[in-house]
Amino acid sequence: MINPIKLELFKHAFSAVAEEMGAVLQRSSFSPNIKERRDFSCALFNRKGELVAQAAHIPVHLGSMPLSVRAVLKKIDLKEGEVAAINAPYSGGTHLPDITVVAPVYLNGELLFYVANRAHHADVGGTTPGSMPLSTSIYQEGLIIPPVKVASNWEPDPNFLELLKANSRTPKEREGDFKAQLTALKLGVKRIKELAQKYSPELLQIYANALLDYAEKITRNFIESIPDGVYTFGDFMDGDGIADTPVRVRAVVKIEGDTATVDFSGSDLQTKGPINAVESIALSATLYSFRLLMEHDVPTNEGIMRPVKVVTRKGTVVDALPPAPVSAGNTETSQRLVDVLLGALSKALPKKVPAASQGTMNNLTLGGTDLEGNPFAYYETIGGGAGATPKENGESGVHTHMTNTLNTPVEALEFKLPVMVTEYGLRKGSGGEGKFRGGEGIVRELLFLSETQVTLISERRKFSPYGLFGGKPGKPGRAVELTPEGKEIELPPKFTKTFKPGHKLRVETPGGGGWGEG
């Protein structure tokens with residue numbers, strides 16, 4: 001018999017382990033992307049590799065990390081103190097900068113759980129600094145890591161470490177971030193062992209499984225509250241960065257009793273450019289969207305997905321086949337998957353679903369040599385406007401939906417890179433009007449002090465974030481180069497360009513859509 005008080009206790013105990021792992025990873029990392037922006041996720045898995053608990057980190061990692069963990073378990077029998085790594089997108093990963101590490105938790109020789117974390121490394125090779133290129137093949141995007149053992153007795157394999165460093169423009173930063181990941185895992189193993197010694201391994205297993213059942217029950221109750229029917233919605237990506245042709249993403253949601261089928265198979269074929277998503281991203285977007293709409297404090301685990309079937313079609317932009325490039329599928333197509341899924345559900349739940357948020361992560365990567373002759377590589381995403389809800393205005397200047405990172409503080413950015421931030425604020429008037437107004441986007445302007453190779457991968461420059469029920473769309477984003485002579489050069493949504501010293505990049509991000517007639 002499951003005790004509801006103990007269930008709540010273990011829900012928080014497991015989540016606390018993941019949260020503490022995240023705190024250790026953040027504090028011990030080297031790069032601004034992990035230390036400042038917190039572009040990582042930490043989680044706990046049962047012996048089958050099912051997600052039991054995840055800290056409140058990055059939503060795009062929700063559905064994909066279990067597939068990476070299971071890919072590792074299929075190939076490697078991990079022993080006490082051993083760690084495996086993987087970043088391969090076609091084996092449950094997302095894109096190559098996201099490196100996942102996995103370690104088992106044993107007590108008295110018995111396997112209890114696995115702990116894992118995924119961190120976005122600012123550079124893992126590829127054709128441009130930051131490993132987010134306008135690629136036409138995954139082999140142009142950086143180092144591919146299949147499931148491989150990378151540590152024994154908690155000591156990193158020196159050969160793997162040298163391989164990782166040799167494939168990065170910033171090897172010291174890679175080594176520091178990777179060792180921070182291992183440190184976080186070691187803490188997670190220690191905390192789970194402490195829980196097992198306090199409550200017994202058997203009780204931990206019982207309540208870990210009960211939490212999956214509990215999440216499933218809440219999700220089924222939520223789905224049952226949605227009117228039965230078939231709900232469809234389609235939207236477009238601006239282009240793939242190689243061709244200027246719009247790319248359609250489509251969702252068909254079928255509600256039958258307490259089950260849901262989400263069908264993305266009507267989406268366009270995979271593209272030549274890097275906006276292709278792998279299947280794990282479609283799973284992540286679906287899990288996130290259903291979790292978003294549930295009012296109960298449902299634990300974030302794989303039980304949420306038991307009543308939900310996700311259908312994709314191989315070879316499409318939402319379930320690409322190798323060797324398609326995928327660097328921006330994780331960031332951009334994941335956002336559009338959420339947009340179309342929420343758009344479909346808005347027809348069934350008009351009083352719950354918000355208008356579209358900015359619908360892009362505005363991926364900005366910088367690289368070059370600083371004023372002292374040292375190489376640098378940097379990655380960040382830029383927030384924008386959140387969609388208005390049926391109850392209130394959208395938030396302004398925030399990261400939305402599939403990203404949950406922070407901004408890099410101006411002080412940290414200017415300390416680390418040969419860059420000055422000459423403007424950083426809200427983009428007034430960019431939120432869509434309505435009964436409730438969409439949130440405002442952001443203006444971020446950078447002055448380059450040394451020659452810098454810049455790549456921007458962004459969306460919602462042609463197709464605005466939609467409003468709902470009479471609300472107006474949010475203002476689309478834009479980017480311009482500002483020369484020292486005062487000339488403005490309009491830039492495309494996706495570009496790679498070398499900026500000379502004294503030149504500026506100005507990025508204006510989209511506002512959120514409005515909700516209801518004003």
Show the nearest heavy-atom pair for residues [X] and [Y], with the distance to one decimal.
X    : Y    : value
A386 : S357 : CA-OG, 3.4 Å
G273 : D240 : N-OD2, 2.8 Å
A119 : I34  : CB-CD1, 3.7 Å
G92  : S280 : O-OG, 3.8 Å

Going by an N to O cut-off under 4.0 Å, is there a salt bridge joining [X] and [Y]?
X    : Y    : answer
R248 : D235 : no
D39  : R118 : no
E490 : R478 : yes
E508 : R427 : yes
R460 : D339 : yes
K314 : D319 : yes
R461 : E459 : no
E423 : R506 : yes

Under 3.5 Å donor-acceptor pairs involving side-chain atoms of residues 405-417, not counting sequence neighbours:
| residue | atom | partner | partner atom | Å |
| --- | --- | --- | --- | --- |
| T405 | OG1 | R37 | NH2 | 3.0 |
| T405 | OG1 | T381 | OG1 | 3.4 |
| T405 | OG1 | T403 | OG1 | 3.4 |
| T408 | OG1 | Y378 | OH | 2.8 |
| E414 | OE2 | V421 | N | 2.8 |

Exceeds 12 heavy-atom contacts within 6.0 angstrom, atom [atom1] of [X]:
X    : atom1 : value
K35  : NZ    : yes
K462 : NZ    : yes
K475 : NZ    : no
D244 : CG    : no

Sidechain-backbone polar pair: [X] side chain, [Y] backbone, donor-acceptor under 3.5 Å:
X    : Y    : value
T259 : P307 : no
N117 : C42  : no
S267 : V318 : no
K494 : S458 : yes
S289 : T286 : no
S41  : H61  : no
T452 : F499 : no
N301 : L211 : yes
N276 : A324 : no
E440 : S430 : yes

Test side-chain hydrogen bond (donor to acceptor under 3.5 Å, both in side chains) applied to N33 and S31, step by step: CA-CA 5 Å; N33 192 52; S31 67; 5.4 Å; no
Verdict with supporting geometry, Q358 and T360, side-chain hydrogen bond (donor to acceptor under 3.5 Å, both in side chains): CA-CA 6 Å; Q358 69 157 335; T360 176; 5.5 Å; no
Contacts of F469 that satisfy ring-ring contact (aromatic ring centres under 6.0 Å, His included) - sequence neighbours left out: W515
ring-ring contact (aromatic ring centres under 6.0 Å, His included) involving Y90 - partner list, sequence neighbours excluded: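 ring-ring contact (aromatic ring centres under 6.0 Å, His included) check on Y90 returns nothing, list empty.
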Please name all residues satisfying salt bridge (charged side-chain N to carboxylate O under 4.0 Å, His left out) with [X], sequence neighbours left out, ordered by chain then number.
X    : result
E216 : R220, R306
D123 : R169
R444 : E380
R70  : E302

CA sep, side-chain torsions, deciding dist, call: D297, K11, salt bridge (charged side-chain N to carboxylate O under 4.0 Å, His left out): CA-CA 11 Å; D297 185 21; K11 182 183 81 170; 3.1 Å; yes
Can you list, pair by pair, the side-chain donor-acceptor contacts under 3.5 Å of residues 345-352, counting residues two or more places apart and other chains?
| residue | atom | partner | partner atom | Å |
| --- | --- | --- | --- | --- |
| S346 | OG | G343 | O | 2.6 |
| K347 | NZ | T232 | O | 2.5 |

How long is the straight-line distance from [atom2] of [Y] back to [atom1] of [X], given to the nearest 0.5 Å?
X    : Y    : atom1 : atom2 : answer
Y214 : I304 : OH    : CD1   : 11.5 Å
H399 : I442 : NE2   : CD1   : 6.5 Å
I223 : L293 : CD1   : CG    : 11.0 Å
M420 : K504 : CE    : NZ    : 9.0 Å

Between N330 and S334, a side-chain donor and acceptor under 3.5 Å: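 The answer is no; no qualifying pair exists.
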Modelled atom types, side-chain donor and acceptor of H95 and E141, under 3.5 Å: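 No - no donor-acceptor pair under 3.5 Å links their side chains.
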Residues which pass side chain to side chain contact (heavy atoms under 4.5 Å, CB included) with [X], listed by chain and number, not counting sequence neighbours:
X    : answer
P246 : F236, F463
L9   : Y199
I2   : L7, I206, Y207, A210
A285 : L337, V338, M402

Aromatic ring proximity F40/H120, centre distance under 6.0 Å: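 No - the distance between ring centres of F40 and H120 does not fall below the 6.0 Å cut-off.
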F222 and F290 aromatic ring geometry - parallel, tilted or perpendicular at 30°/60° bounds: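 F290 vs F222 ring planes: perpendicular.
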Verdict with supporting geometry, T496 and T128, side-chain hydrogen bond (donor to acceptor under 3.5 Å, both in side chains): CA-CA 8 Å; T496 295; T128 60; 5.2 Å; no
